[in-house]
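Below, chains carry the letters A, B, ... as their sequence lines are ordered, and counting in each starts from 1. These values consider heavy atoms only, across backbone and side chains, with no hydrogens, waters or symmetry-generated copies. Just so you know, these numbers come straight off a predicted model, no measurement behind them.
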Amino acid sequence: MAKGKIIYKRAKDIPLNAMSVGSMLFNKTGAWRNVKPIIDYDNCIKCMICWKFCPDICIVIEDENPVIDYDYCKGCAVCVVECPKKCISLVEEGR
Amino acid sequence: MERGKTMKLSIPEEELVGSGHLACQGCGATLCMRYALKALGQNTILDIPACCWSVIDGPFPHTSVKVPLFHTAFETAACVASGIRAGLDVLGRGETNVVAWAGDGGTFDIGIQALSGATERNDNIIYICYDNEAYMNTGIQRSSATPYGAWTTTTPVKHFKKMPKKDLVRIMAAHRIPYTATASVGYPEDFIAKVKKAKEIQGTTFLHIFSPCPPGWKSQPEKSIQLARLAVSTCYFPVYEIENGEKYTVNKVIKKPRPVKEFLEQQGRFRHLTEEQVNGIQKNVIVSYNELLKKAGLDLEVHVEIKK
């Protein structure tokens with residue numbers, strides 16, 4: 001599946017059967033964010049509760065650590081509230 | 001993927017919903033889809049009528065889920081799923097899961113005749129309704145899933161909704177449906193276990209998922225999961241399952257319910273309610289929960305003290 005945005009320039013390029021050929025990954029929803037969650041890895045117990053409840057699927061597991069993908073994080077702060085060790089802090093997004 | 005000893009994941013790791021989707025911040029519906037697809041796996045066909053998910057998925061020709069998804073008209077979620085099932089059966093692909101995925105408007109109001117028909121024919125489909133208690137996609141209009149007392153744009157504060165919520169799970173139980181259950185996004189393990197159970201059953205299965213909606217409920221996006229759990233621990237939305245329309249099982253038995261006020265006061269849509277009206281809601285919640293416990297054959301009666 002194509003990763004970039006698909007734009008049909010001519011009508012005849014549009015497939016006859018309306019079907020999806022690309023993924024929404026081109027849509028970097030990180031631009032929606034006005035607060036930024038930051039994980040403090042010193043206190044993180046790797047319970048992966050933040051990963052489990054992320055509605056934007058932007059927390060990925062890398063080397064058994066939760067890592068936030070800021071390209072897609074919308075800043076809903078569900079992870080901040082759900083973290084049992086309270087080791088995710090919110091900072092205001094700079095311009 | 002193999003994992004070391006330090007980390008144990010309570011839900012499957014495979015992701016079939018991608019980032020970049022168009023859901024609001026703190027959306028419960030996205031989590032519903034994420035958990036459901038984790039349970040169902042790749043061999044699934046989704047069929048989605050007009051609902052939030054027809055927008056969340058993204059505009060043509062893009063999609064954010066990694067399984068085939070069929071957009072259809074508002075009232076046809078269940079009958080299109082029946083059709084897809086019949087087609088797959090002809091092709092000899094009986095093991096593919098067919099999932100009708102609709103919001104509360106497309107299930108409780110507009111799609112109920114198609115759902116009732118499919119259930120009566122006992123087509124081998126899974127119907128999942130994610131319930132955010134109004135037509136959120138079109139701008140928060142009341143549906144028959146909107147609870148008593150809630151504000152919506154069509155039931156403004158002065159004329160807030162006076163009717164109770166439709167009890168669809170009991171309507172489905174009256175169809176003698178092989179399996180029907182309620183679940184909440186606050187308890188993903190329970191939700192995934194139920195979808196897996198529904199997947200194994202031959203016949204129609206109906207799941208009713210409680211899914212918080214921060215813009216529609218006027219609640220904080222970070223409180224979404226907390227609200228989903230509070231709804232269960234206040235007995236506002238009990239989590240239970242019914243097999244063959246008879247056998248009730250309460251999955252989360254709440255022995256000491258928390259006051260429903262804790263759940264209501266976090267949402268702007270209930271802000272106008274007076275103390276008396278909140279107490280009325282509290283009374284109804286406990287009465288219906290005790291009824292449910294009785295049906296499940298549990299010798300337990302709960303009550304909450306109303307502070308005056």
Side-chain angles (χ1 to χ4, degrees), chain A residues 1-8 13-15 17-30 32-35 37 44-61 63-66 68-83 88 90, chain B residues 1 3-13 15-35 37-38 56-71 185-189 192 211-212 214 220-229:
Chain A
M1 199 175 268
K3 285 227 168 108
K5 190 175 185 178
I6 294 162
I7 299 165
Y8 296 118
D13 293 344
I14 299 173
N17 191 2
M19 56 191 266
S20 296
V21 287
S23 101
M24 282 298 285
L25 287 173
F26 76 87
N27 183 28
K28 303 266 197 242
T29 48
W32 300 17
R33 183 175 69 229
N34 47 21
V35 283
C44 176
I45 54 167
K46 304 180 180 36
C47 61
M48 295 297 154
I49 286 177
C50 52
W51 166 81
K52 188 164 79 176
F53 286 119
C54 179
D56 302 322
I57 313 111
C58 68
I59 298 184
V60 287
I61 306 172
D63 296 333
E64 313 220 331
N65 275 320
I68 300 175
D69 184 349
Y70 293 109
D71 279 352
Y72 298 106
C73 173
K74 289 173 188 165
C76 66
V78 163
C79 52
V80 178
V81 173
E82 293 304 315
C83 179
I88 307 179
L90 274 185
Chain B
M1 214 185 291
R3 284 283 168 213
K5 270 184 186 168
T6 46
M7 201 174 65
K8 278 184 198 135
L9 298 175
S10 54
I11 58 173
E13 199 184 338
E15 297 289 359
L16 290 169
V17 181
S19 299
H21 56 69
L22 300 176
C24 310
Q25 290 154 317
C27 179
T30 331
L31 282 171
C32 282
M33 181 65 97
R34 188 177 167 215
Y35 299 146
L37 287 184
K38 273 175 190 287
I56 295 171
D57 184 52
F60 168 79
H62 305 95
T63 180
S64 53
V65 291
K66 293 167 192 162
V67 297
L69 186 154
F70 190 84
H71 287 283
V185 287
Y187 298 97
E189 291 84 3
I192 287 176
S211 151
Q220 296 299 319
E222 67 265 27
K223 295 272 174 69
S224 282
I225 305 297
Q226 275 193 345
L227 278 177
R229 273 202 293 258

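Between Y35(B) and F53(A), the ring planes are perpendicular. Angles over 60° get that label, and only those under 30° would be called parallel.
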(message) Between V80(A) and E222(B), is the side chain to side chain contact (heavy atoms under 4.5 Å, CB included) condition met? List the steps.
(response) CA-CA 8 Å; V80(A) 178; E222(B) 67 265 27; over 6 Å; no
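The closest side-chain heavy-atom distance from P15(A) to F60(B) is below 4.5 Å. Two residues are said to be in side-chain contact when any heavy atoms from C-beta on lie closer than 4.5 Å; H21(B) and D56(A) meet this criterion.
With a 4.5 angstrom heavy-atom cutoff, K28(A) does not touch chain B via any of its atoms. Neither the backbone nor the side chain of L69(B) comes within less than 4.5 Å of any heavy atom in chain A. With a 4.5 angstrom heavy-atom cutoff, P12(B) touches chain A only via backbone atoms. Residue I49(A) does not touch chain B at all, counting heavy-atom pairs closer than 4.5 Å. Using a 4.5 Å cut-off between heavy atoms, F70(B) does not touch chain A at all.
For the atom pair NZ (K5(A)) and NE2 (H62(B)), the distance works out to 7.0 Å, reported to the nearest 0.5 Å. Atom CD of residue Q25(B) and atom OG1 of residue T29(A) lie 9.5 Å apart, to the nearest 0.5 angstrom.
Counting all heavy atoms, side chain and backbone alike, T30(B) lies closest to P55(A) at CG2-O, 3.3 Å.
When the salt bridge (Lys or Arg N to Asp or Glu O under 4.0 Å) test is applied to K38(B), the partners found at least two apart in sequence or on another chain are E15(B).
A salt bridge links K52(A) and E189(B); the closest N-O separation between the charged side-chain nitrogens and carboxylate oxygens is under 4.0 Å.
For the side chain to side chain contact (heavy atoms under 4.5 Å, CB included) test with M24(A), the passing option among V65(B), V17(B), T63(B), L22(B) is L22(B); the others fail.
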